[in-house]
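Take a look at the structure set out below.
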Protein chains: 2
Amino acid sequence: MNQQDRSYKDKKVISIGTVSELTGLTLRQIRYYEERKLIAPYRNDRGTRKYSFNDIETLMDIADKREDGVQTTEILKEMRLKEKQRESEAEVKKKMLQGQLNAQFRYGRGRN
Amino acid sequence: MNQQDRSYKDKKVISIGTVSELTGLTLRQIRYYEERKLIAPYRNDRGTRKYSFNDIETLMDIADKREDGVQTTEILKEMRLKEKQRESEAEVKKKMLQGQLNAQFRYGRGRN
DNA sequence: CGTGTAAGGAATTCTGACACG
DNA sequence: CGTGTAAGGAATTCTGACACG
């Protein structure tokens, strides 16, 4: 996904009623998951919550796990773990790219 | 942009107040451009308008043209023309791809 | 033509709280 | 713990219409 596309997915512009329709969750549930730090909607001037498509996907994941009886505390831990995993992966990729650049640089110099 | 990303851009989930903030247009203007067929928001059960990110981009284009004094009728014509151009381009691409496939097929047969 | 505005009604969202299990 | 609900207030959105230039 490129930069442009991310901006759509991350932009917090959807109000809670629409999120409720899209996820099948009640307003109460959506607000409660925020209280438990599982999501962090933006608040506009008037204090109205605004959600992103990303938030909606997170909420659908939460709904699945809650159906399996997983508590919000556990879900929060899982989410934090996943986040760390993503960071590590990004780190590995960065290092691999760095290694390739170094190799290419040495190769280029050798031919001159 | 892949299928998944398109769904974010095209999904009509943003209410008119947010669209107003994002585009700088007044509610009156946004509704009027709909009346002139420049945009077509979705209406939910209660008749509330819902817009997509695509609609927002269209509205920003409209705003620019209106500032240049272009009338809504002209803008509509321009939009329809662009649409036809996009269709032609898609047609050309389709034909080029078809040609390549044919060539490949003949080439493959020749070697057997 | 394009936009502002006042009008009245209906639906939305917010918070804090009590209830239940 | 997770969710429902009633409560009261504030802001949103809708339509049809009159106004102006």
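The residue B:Thr72 sits close only to the backbone: its heavy atoms come under 4.0 Å of sugar-phosphate atoms, none of a base.
A salt bridge links A:Glu34 to A:Arg43: at least one charged side-chain nitrogen sits closer than 4.0 Å to a carboxylate oxygen. Residues A:Glu78 and A:Lys84 are not paired through a salt bridge, judged by the lack of any N-O separation under 4.0 Å between the basic side chain and the carboxylate. Remark: B:Lys77 engages B:Glu74 in a salt bridge, criterion side-chain N to carboxylate O under 4.0 Å.
Between B:Thr73 and A:Leu27, it is B:Thr73 whose nearest contact on DNA chain C lies nearer the 5' terminus.
Computed from coordinates, the A:Tyr32 OH to C:dC18 P distance equals 18 Å when rounded to whole Å.
When the side-chain nitrogen and oxygen atoms of B:Tyr33 are compared with OP1 and OP2 of C:dG2, none of them lie within a distance under 4.0 Å. Applying the 4.0 Å criterion to OP1 and OP2 of D:dA10, one finds that A:Arg46 has every side-chain N and O outside that range. Close to D:dT12, at under 4.0 Å from its OP1 or OP2, lies no side-chain N or O of B:Thr48.
For the pair B:Lys12 (side chain) and B:Ala40 (backbone), a donor-acceptor distance under 3.5 Å is present.
The base of D:dT5 is paired with the side chain of A:Arg28 by a donor and an acceptor separated by under 3.5 Å.
Distance from the side chain of B:Arg31 is smallest for D:dT13 among the nucleotides C:dC14, D:dT13, C:dT3.
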